[in-house]
Amino acid sequence: MRCKKCHKKASVELRRHNTSFCPIHYIEFVSNQVSRNIKKHNMFTSANRVLLAVSGGKDSLALWDILTKQGYNVTGLHLKLGIGNYSLKAAEKTRAFAETHELQLIEYDLESEMGLGVSRLSKSIKRAPCSGCGLNKRYFFNKLALQFQFDVLITGHNLDDEAATLFGNVLHWQEQALSRQSPILESTHPNLVKKCKPLYTLTEREIASYCLLLKIAYQEEECPNAAGAHSLLYKDLLNRLEVQSPGSKQQFLQGFLSKIRPSFRSQETVTLNECDSCGMPTTGQVCSFCRMWERARKLTDPKLVNGTSNL
Amino acid sequence: MKVTIRNPVRREIALDGSLKVHQLLAHLNLNPESHIVIRDEELLTSQDIIGNDDAVQIVSAISGG
Ligand code: SF4
Ligand SMILES: [Zn+2]
Ligand SMILES: [Zn+2]
(Lines give C-alpha, C1' and ligand atoms only; values in the text may rest on other atoms or scores of the structure.)
(Ligands and ions follow the chains in the order given, each with its own letter.)
Protein backbone atom coordinates (compact mmCIF):
# COMPACT_ATOMS: atom_id res chain seq x y z
CA MET A 1 0.00 0.00 0.00
CA ARG A 2 1.35 3.42 -1.02
CA CYS A 3 0.97 6.96 0.32
CA LYS A 4 -1.59 8.88 -1.71
CA LYS A 5 0.63 11.96 -1.65
CA CYS A 6 4.22 10.78 -2.15
CA HIS A 7 3.86 7.08 -3.13
CA LYS A 8 6.25 5.93 -0.42
CA LYS A 9 5.21 2.93 1.66
CA ALA A 10 2.01 3.71 3.59
CA SER A 11 1.78 3.31 7.37
CA VAL A 12 -1.83 4.21 7.97
CA GLU A 13 -4.77 3.14 5.88
CA LEU A 14 -8.01 5.15 6.01
CA ARG A 15 -10.68 2.98 4.48
CA ARG A 16 -13.46 5.49 5.15
CA HIS A 17 -11.57 8.01 3.01
CA ASN A 18 -10.42 5.32 0.60
CA THR A 19 -6.81 6.42 1.07
CA SER A 20 -3.53 5.72 2.86
CA PHE A 21 -0.56 7.80 4.00
CA CYS A 22 3.12 7.55 4.90
CA PRO A 23 3.98 8.79 8.44
CA ILE A 24 4.78 12.36 7.35
CA HIS A 25 1.63 12.81 5.28
CA TYR A 26 -0.49 11.04 7.85
CA ILE A 27 0.57 13.51 10.55
CA GLU A 28 -0.20 16.33 8.14
CA PHE A 29 -3.64 14.82 7.47
CA VAL A 30 -4.49 14.68 11.20
CA SER A 31 -3.29 18.23 11.78
CA ASN A 32 -5.34 19.47 8.82
CA GLN A 33 -8.47 17.75 10.12
CA VAL A 34 -8.09 19.54 13.44
CA SER A 35 -7.49 22.98 11.94
CA ARG A 36 -10.44 22.48 9.60
CA ASN A 37 -12.73 21.60 12.53
CA ILE A 38 -11.54 24.60 14.55
CA LYS A 39 -12.17 27.02 11.68
CA LYS A 40 -15.42 25.46 10.48
CA HIS A 41 -17.07 25.86 13.90
CA ASN A 42 -15.21 29.02 15.01
CA MET A 43 -13.95 27.09 18.01
CA PHE A 44 -11.15 29.50 18.98
CA THR A 45 -8.28 31.51 17.53
CA SER A 46 -4.64 31.91 18.53
CA ALA A 47 -5.67 35.06 20.41
CA ASN A 48 -7.79 33.00 22.83
CA ARG A 49 -6.69 31.40 26.07
CA VAL A 50 -7.58 27.74 25.69
CA LEU A 51 -7.87 25.20 28.52
CA LEU A 52 -7.54 21.53 27.53
CA ALA A 53 -8.77 18.77 29.82
CA VAL A 54 -5.85 16.30 29.82
CA SER A 55 -6.36 12.78 31.11
CA GLY A 56 -2.98 11.39 30.02
CA GLY A 57 -4.67 9.18 27.42
CA LYS A 58 -4.02 9.26 23.67
CA ASP A 59 -6.73 11.77 22.74
CA SER A 60 -5.87 14.62 25.05
CA LEU A 61 -2.10 14.26 24.57
CA ALA A 62 -2.47 14.09 20.77
CA LEU A 63 -4.65 17.20 20.83
CA TRP A 64 -2.18 19.07 23.03
CA ASP A 65 0.61 18.14 20.64
CA ILE A 66 -1.30 19.15 17.50
CA LEU A 67 -2.49 22.51 18.84
CA THR A 68 0.87 23.45 20.32
CA LYS A 69 2.53 22.77 16.97
CA GLN A 70 -0.10 24.94 15.30
CA GLY A 71 0.85 27.81 17.61
CA TYR A 72 -2.20 27.90 19.88
CA ASN A 73 -1.96 28.99 23.48
CA VAL A 74 -3.15 25.86 25.30
CA THR A 75 -2.89 25.15 29.03
CA GLY A 76 -3.55 21.63 30.31
CA LEU A 77 -5.90 20.83 33.16
CA HIS A 78 -5.47 17.46 34.82
CA LEU A 79 -8.06 16.31 37.34
CA LYS A 80 -6.66 13.72 39.73
CA LEU A 81 -9.65 11.46 40.18
CA GLY A 82 -8.44 9.21 42.99
CA ILE A 83 -8.92 5.90 41.17
CA GLY A 84 -5.98 4.03 42.70
CA ASN A 85 -2.95 3.21 40.61
CA TYR A 86 -4.70 4.17 37.39
CA SER A 87 -4.93 7.81 38.51
CA LEU A 88 -1.32 7.88 39.69
CA LYS A 89 -0.09 6.68 36.29
CA ALA A 90 -2.39 9.08 34.45
CA ALA A 91 -0.90 12.01 36.37
CA GLU A 92 2.63 10.76 35.60
CA LYS A 93 2.00 10.56 31.85
CA THR A 94 0.38 13.99 31.81
CA ARG A 95 3.17 15.62 33.80
CA ALA A 96 5.88 13.97 31.70
CA PHE A 97 4.31 15.28 28.48
CA ALA A 98 3.93 18.80 29.89
CA GLU A 99 7.52 18.84 31.13
CA THR A 100 9.06 17.54 27.90
CA HIS A 101 7.16 20.08 25.82
CA GLU A 102 7.42 22.87 28.41
CA LEU A 103 3.67 23.35 28.60
CA GLN A 104 1.59 24.89 31.35
CA LEU A 105 -0.34 22.39 33.42
CA ILE A 106 -2.91 22.94 36.16
CA GLU A 107 -3.44 19.93 38.42
CA TYR A 108 -6.49 19.59 40.61
CA ASP A 109 -6.73 16.80 43.17
CA LEU A 110 -10.30 15.75 43.87
CA GLU A 111 -9.42 13.82 47.00
CA SER A 112 -7.47 16.59 48.69
CA GLU A 113 -9.94 19.31 47.65
CA MET A 114 -13.20 17.50 48.36
CA GLY A 115 -12.14 14.85 50.85
CA LEU A 116 -13.02 11.89 48.64
CA GLY A 117 -11.78 10.66 45.26
CA VAL A 118 -14.00 8.92 42.70
CA SER A 119 -13.56 5.41 44.15
CA ARG A 120 -14.48 6.30 47.73
CA LEU A 121 -17.17 8.73 46.63
CA SER A 122 -18.94 6.09 44.55
CA LYS A 123 -18.86 3.63 47.46
CA SER A 124 -20.22 6.20 49.86
CA ILE A 125 -23.12 7.33 47.68
CA LYS A 126 -23.67 3.85 46.19
CA ARG A 127 -23.60 5.07 42.63
CA ALA A 128 -21.67 3.70 39.65
CA PRO A 129 -18.18 5.28 39.65
CA CYS A 130 -18.60 6.67 36.13
CA SER A 131 -21.67 8.73 36.98
CA GLY A 132 -20.00 10.50 39.92
CA CYS A 133 -16.77 10.76 37.96
CA GLY A 134 -18.46 12.36 34.95
CA LEU A 135 -20.30 14.84 37.12
CA ASN A 136 -17.10 15.90 38.91
CA LYS A 137 -15.25 16.27 35.63
CA ARG A 138 -17.93 18.42 34.00
CA TYR A 139 -18.24 20.58 37.09
CA PHE A 140 -14.54 21.19 37.75
CA PHE A 141 -13.55 21.62 34.10
CA ASN A 142 -16.11 24.40 33.82
CA LYS A 143 -15.42 25.92 37.23
CA LEU A 144 -11.64 25.97 36.82
CA ALA A 145 -11.88 27.35 33.27
CA LEU A 146 -13.95 30.24 34.66
CA GLN A 147 -11.77 30.75 37.70
CA PHE A 148 -8.59 30.99 35.62
CA GLN A 149 -10.38 33.11 32.99
CA PHE A 150 -9.99 30.88 29.97
CA ASP A 151 -12.02 31.70 26.84
CA VAL A 152 -12.78 28.13 25.95
CA LEU A 153 -12.55 24.63 27.38
CA ILE A 154 -11.64 21.85 24.97
CA THR A 155 -11.69 18.08 25.37
CA GLY A 156 -10.22 15.18 23.39
CA HIS A 157 -13.54 13.53 22.47
CA ASN A 158 -13.08 11.63 19.21
CA LEU A 159 -15.41 10.28 16.51
CA ASP A 160 -15.84 6.95 18.34
CA ASP A 161 -16.74 8.70 21.61
CA GLU A 162 -19.26 10.94 19.88
CA ALA A 163 -20.80 8.19 17.74
CA ALA A 164 -21.11 5.90 20.80
CA THR A 165 -22.71 8.68 22.86
CA LEU A 166 -25.10 9.43 20.01
CA PHE A 167 -25.96 5.74 19.71
CA GLY A 168 -26.77 5.58 23.44
CA ASN A 169 -28.80 8.78 23.31
CA VAL A 170 -30.79 7.53 20.33
CA LEU A 171 -31.30 4.09 21.81
CA HIS A 172 -32.86 5.65 24.90
CA TRP A 173 -34.28 8.70 23.11
CA GLN A 174 -32.61 11.13 25.45
CA GLU A 175 -33.95 14.34 23.96
CA GLN A 176 -32.15 16.68 26.35
CA ALA A 177 -28.81 14.99 25.75
CA LEU A 178 -29.38 14.92 21.98
CA SER A 179 -30.08 18.64 21.92
CA ARG A 180 -26.74 19.26 23.66
CA GLN A 181 -24.60 16.85 21.63
CA SER A 182 -22.36 18.99 19.47
CA PRO A 183 -18.67 19.58 18.72
CA ILE A 184 -19.21 23.10 20.01
CA LEU A 185 -21.35 24.45 22.84
CA GLU A 186 -21.43 28.21 23.13
CA SER A 187 -21.69 29.73 26.58
CA THR A 188 -25.37 30.31 27.43
CA HIS A 189 -24.76 31.69 30.93
CA PRO A 190 -21.99 33.85 32.45
CA ASN A 191 -20.97 30.86 34.58
CA LEU A 192 -20.77 28.43 31.68
CA VAL A 193 -17.62 28.37 29.60
CA LYS A 194 -17.68 27.66 25.85
CA LYS A 195 -16.80 24.00 25.12
CA CYS A 196 -15.32 22.43 21.98
CA LYS A 197 -14.18 19.03 20.72
CA PRO A 198 -11.63 19.57 17.93
CA LEU A 199 -10.97 15.81 17.42
CA TYR A 200 -14.60 14.86 16.75
CA THR A 201 -13.93 13.81 13.13
CA LEU A 202 -11.00 11.49 13.93
CA THR A 203 -11.39 7.88 15.08
CA GLU A 204 -9.64 6.29 18.03
CA ARG A 205 -7.45 4.22 15.73
CA GLU A 206 -6.46 7.36 13.84
CA ILE A 207 -5.54 9.22 17.02
CA ALA A 208 -3.66 6.26 18.52
CA SER A 209 -1.76 5.97 15.21
CA TYR A 210 -0.80 9.64 15.48
CA CYS A 211 0.59 9.09 19.00
CA LEU A 212 2.43 5.90 18.04
CA LEU A 213 4.06 7.53 15.01
CA LEU A 214 5.23 10.49 17.09
CA LYS A 215 6.14 8.33 20.11
CA ILE A 216 3.83 10.26 22.39
CA ALA A 217 3.87 8.25 25.62
CA TYR A 218 0.21 8.05 26.54
CA GLN A 219 -1.54 5.88 29.10
CA GLU A 220 -2.58 2.67 27.33
CA GLU A 221 -4.01 1.16 30.48
CA GLU A 222 -7.78 1.43 30.88
CA CYS A 223 -9.57 2.83 33.91
CA PRO A 224 -10.65 -0.22 35.96
CA ASN A 225 -14.19 1.17 36.09
CA ALA A 226 -14.55 1.20 32.30
CA ALA A 227 -15.05 -2.58 32.10
CA GLY A 228 -18.66 -3.27 31.22
CA ALA A 229 -19.41 0.36 30.39
CA HIS A 230 -22.18 0.74 27.81
CA SER A 231 -19.99 3.07 25.80
CA LEU A 232 -17.56 0.20 25.15
CA LEU A 233 -20.36 -2.03 23.92
CA TYR A 234 -21.62 0.70 21.59
CA LYS A 235 -18.11 1.34 20.29
CA ASP A 236 -17.71 -2.36 19.57
CA LEU A 237 -21.03 -2.51 17.72
CA LEU A 238 -20.20 0.55 15.66
CA ASN A 239 -16.72 -0.79 14.83
CA ARG A 240 -18.21 -4.05 13.58
CA LEU A 241 -20.46 -2.03 11.35
CA GLU A 242 -17.54 0.13 10.26
CA VAL A 243 -15.52 -2.88 9.05
CA GLN A 244 -18.38 -4.03 6.84
CA SER A 245 -19.26 -0.54 5.73
CA PRO A 246 -16.41 2.00 6.08
CA GLY A 247 -17.60 5.50 6.89
CA SER A 248 -20.63 4.38 8.94
CA LYS A 249 -19.56 6.08 12.18
CA GLN A 250 -18.86 9.33 10.40
CA GLN A 251 -22.17 9.22 8.50
CA PHE A 252 -24.09 8.46 11.66
CA LEU A 253 -22.62 11.41 13.57
CA GLN A 254 -22.40 13.92 10.71
CA GLY A 255 -25.93 13.12 9.55
CA PHE A 256 -27.22 13.78 13.04
CA LEU A 257 -25.29 17.03 13.37
CA SER A 258 -26.32 18.42 9.99
CA LYS A 259 -29.87 17.07 9.57
CA ILE A 260 -31.37 16.20 12.95
CA ARG A 261 -29.79 18.34 15.63
CA PRO A 262 -30.97 21.68 14.18
CA SER A 263 -34.61 20.68 14.81
CA PHE A 264 -33.81 19.54 18.36
CA ARG A 265 -32.10 22.83 19.00
CA SER A 266 -35.06 24.91 17.94
CA GLN A 267 -37.10 23.26 20.69
CA GLU A 268 -34.48 23.99 23.30
CA THR A 269 -36.13 26.16 25.95
CA VAL A 270 -34.23 25.36 29.13
CA THR A 271 -33.98 28.25 31.52
CA LEU A 272 -30.90 28.23 33.69
CA ASN A 273 -31.02 29.26 37.35
CA GLU A 274 -28.11 29.67 39.70
CA CYS A 275 -27.57 26.85 42.17
CA ASP A 276 -28.67 27.90 45.69
CA SER A 277 -25.57 26.30 47.10
CA CYS A 278 -22.69 27.07 44.69
CA GLY A 279 -24.07 29.59 42.19
CA MET A 280 -23.32 27.48 39.14
CA PRO A 281 -25.96 27.20 36.41
CA THR A 282 -28.59 24.51 36.89
CA THR A 283 -32.09 23.78 35.65
CA GLY A 284 -33.28 23.13 39.23
CA GLN A 285 -32.75 24.82 42.61
CA VAL A 286 -29.61 22.98 43.66
CA CYS A 287 -27.24 21.59 41.02
CA SER A 288 -26.58 17.86 40.67
CA PHE A 289 -22.95 18.30 41.76
CA CYS A 290 -23.99 19.88 45.07
CA ARG A 291 -26.74 17.28 45.59
CA MET A 292 -24.24 14.48 45.07
CA TRP A 293 -21.74 15.89 47.56
CA GLU A 294 -24.50 16.64 50.05
CA ARG A 295 -25.46 12.97 49.88
CA ALA A 296 -21.83 11.95 50.36
CA ARG A 297 -21.65 14.17 53.44
CA LYS A 298 -24.74 12.52 54.92
CA LEU A 299 -23.60 8.98 54.19
CA THR A 300 -19.92 9.34 55.11
CA ASP A 301 -18.08 10.47 58.16
CA PRO A 302 -18.75 14.23 57.75
CA LYS A 303 -15.21 15.02 58.87
CA LEU A 304 -13.96 13.34 55.68
CA VAL A 305 -15.97 15.38 53.22
CA ASN A 306 -15.24 19.04 52.73
CA GLY A 307 -18.10 21.53 52.88
CA THR A 308 -17.48 23.18 49.55
CA SER A 309 -14.75 22.99 46.98
CA ASN A 310 -11.92 25.29 48.02
CA LEU A 311 -12.01 27.52 45.00
CA MET B 1 6.07 -15.16 14.45
CA LYS B 2 5.95 -13.64 17.88
CA VAL B 3 2.88 -11.55 18.64
CA THR B 4 2.61 -9.30 21.68
CA ILE B 5 -0.81 -7.92 22.45
CA ARG B 6 -0.03 -4.83 24.51
CA ASN B 7 -3.40 -3.85 25.97
CA PRO B 8 -5.88 -3.98 27.60
CA VAL B 9 -4.17 -7.11 29.02
CA ARG B 10 -0.63 -7.87 27.91
CA ARG B 11 -0.16 -11.35 26.44
CA GLU B 12 2.23 -13.08 24.06
CA ILE B 13 1.39 -15.59 21.37
CA ALA B 14 3.64 -17.60 19.01
CA LEU B 15 2.31 -18.48 15.55
CA ASP B 16 3.81 -20.57 12.75
CA GLY B 17 4.25 -19.25 9.22
CA SER B 18 3.74 -15.81 7.70
CA LEU B 19 0.49 -13.87 7.48
CA LYS B 20 -0.83 -10.61 6.14
CA VAL B 21 -1.83 -8.10 8.83
CA HIS B 22 -5.55 -8.48 8.15
CA GLN B 23 -5.22 -12.28 8.34
CA LEU B 24 -3.41 -12.06 11.67
CA LEU B 25 -6.12 -9.83 13.14
CA ALA B 26 -8.88 -12.11 11.82
CA HIS B 27 -7.06 -15.13 13.26
CA LEU B 28 -6.93 -13.45 16.68
CA ASN B 29 -10.51 -12.25 16.34
CA LEU B 30 -9.44 -8.60 16.70
CA ASN B 31 -11.29 -5.85 14.85
CA PRO B 32 -9.01 -4.02 12.35
CA GLU B 33 -10.95 -0.82 13.04
CA SER B 34 -9.80 -0.77 16.65
CA HIS B 35 -6.34 -2.37 16.50
CA ILE B 36 -2.94 -1.28 15.22
CA VAL B 37 -0.14 -3.69 14.31
CA ILE B 38 3.46 -2.50 14.78
CA ARG B 39 6.76 -4.07 13.69
CA ASP B 40 10.08 -2.46 14.67
CA GLU B 41 8.28 0.76 15.60
CA GLU B 42 6.71 0.87 12.15
CA LEU B 43 2.92 0.91 11.75
CA LEU B 44 1.68 -1.70 9.30
CA THR B 45 -1.30 -1.63 6.94
CA SER B 46 -3.72 -4.49 6.27
CA GLN B 47 -1.87 -5.92 3.25
CA ASP B 48 1.63 -5.91 4.78
CA ILE B 49 3.11 -9.37 5.22
CA ILE B 50 4.44 -10.49 8.59
CA GLY B 51 7.17 -13.09 8.17
CA ASN B 52 7.70 -16.22 10.21
CA ASP B 53 10.67 -14.68 12.03
CA ASP B 54 9.05 -11.31 12.71
CA ALA B 55 7.95 -9.95 16.07
CA VAL B 56 4.90 -7.68 16.08
CA GLN B 57 2.97 -5.78 18.69
CA ILE B 58 -0.76 -5.14 18.65
CA VAL B 59 -2.24 -2.06 20.30
CA SER B 60 -5.94 -1.68 21.03
CA ALA B 61 -7.05 1.88 20.37
CA ILE B 62 -10.31 1.72 22.29
CA SER B 63 -10.84 3.55 25.55
CA GLY B 64 -14.05 3.45 27.50
CA GLY B 65 -15.89 5.21 30.28
S1 SF4 C 1 -14.16 4.92 33.18
FE2 SF4 C 1 -15.64 5.93 34.51
S3 SF4 C 1 -14.59 6.17 36.47
FE4 SF4 C 1 -13.02 5.71 34.93
S5 SF4 C 1 -12.28 7.72 34.27
FE6 SF4 C 1 -13.90 7.13 32.83
S7 SF4 C 1 -15.78 8.03 33.70
FE8 SF4 C 1 -14.23 8.04 35.33
ZN1 LIG D 1 3.66 10.44 1.86
ZN1 LIG E 1 -24.20 23.68 43.05
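Here the structure is a predicted model, which means the values were calculated and not measured. In what follows, chains carry the letters A, B, and so on, assigned in the order in which the sequence lines appear, proteins first and then strands, with residues in each chain numbered from 1.
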Between [X] and [Y], what is the shortest heavy-atom contact and its length?
X: A:T203; Y: B:E33; answer: CG2-OE2, 3.9 Å
X: B:A61; Y: A:E204; answer: O-CB, 3.4 Å
X: B:N7; Y: A:E220; answer: ND2-O, 3.6 Å
X: B:S63; Y: A:K58; answer: OG-NZ, 3.1 Å

Distance from B:T45 atom OG1 to A:R2 atom CZ, nearest 0.5 Å?
9.5 Å
Drop me the distance from A:K9's NZ to B:L44's CG, to the nearest 0.5 angstrom.
5.5 Å
I'd like to check A:R240 versus B:N31 (side-chain heavy atoms, cut-off strictly below 4.5 Å). Are they in contact?
yes
Non-hydrogen side-chain atoms of A:R205 and B:S34 separated by less than 4.5 Å:
no
Sub-4.5 Å heavy-atom contacts with chain B: which residues of residues 208-219 of chain A show up?
A:A208, A:S209, A:L212, A:L213, A:K215, A:Y218
Might you confirm whether atom [atom1] of [X] has over 12 heavy atoms from other residues, nucleotides or ligands at distances under 6.0 Å?
X: B:I13; atom1: CD1; value: yes
X: B:N52; atom1: CG; value: yes
X: B:K2; atom1: NZ; value: no
X: A:H17; atom1: NE2; value: yes
X: B:E12; atom1: CD; value: yes
X: B:H22; atom1: NE2; value: yes

Sort B:I62 into side chain, backbone, both or neither according to what part of it lies under 4.5 angstrom from a heavy atom of chain A.
both
Can you tell me which portion of A:N158 sits under 4.5 Å from chain B's heavy atoms? Options are side chain, backbone, both or neither.
neither
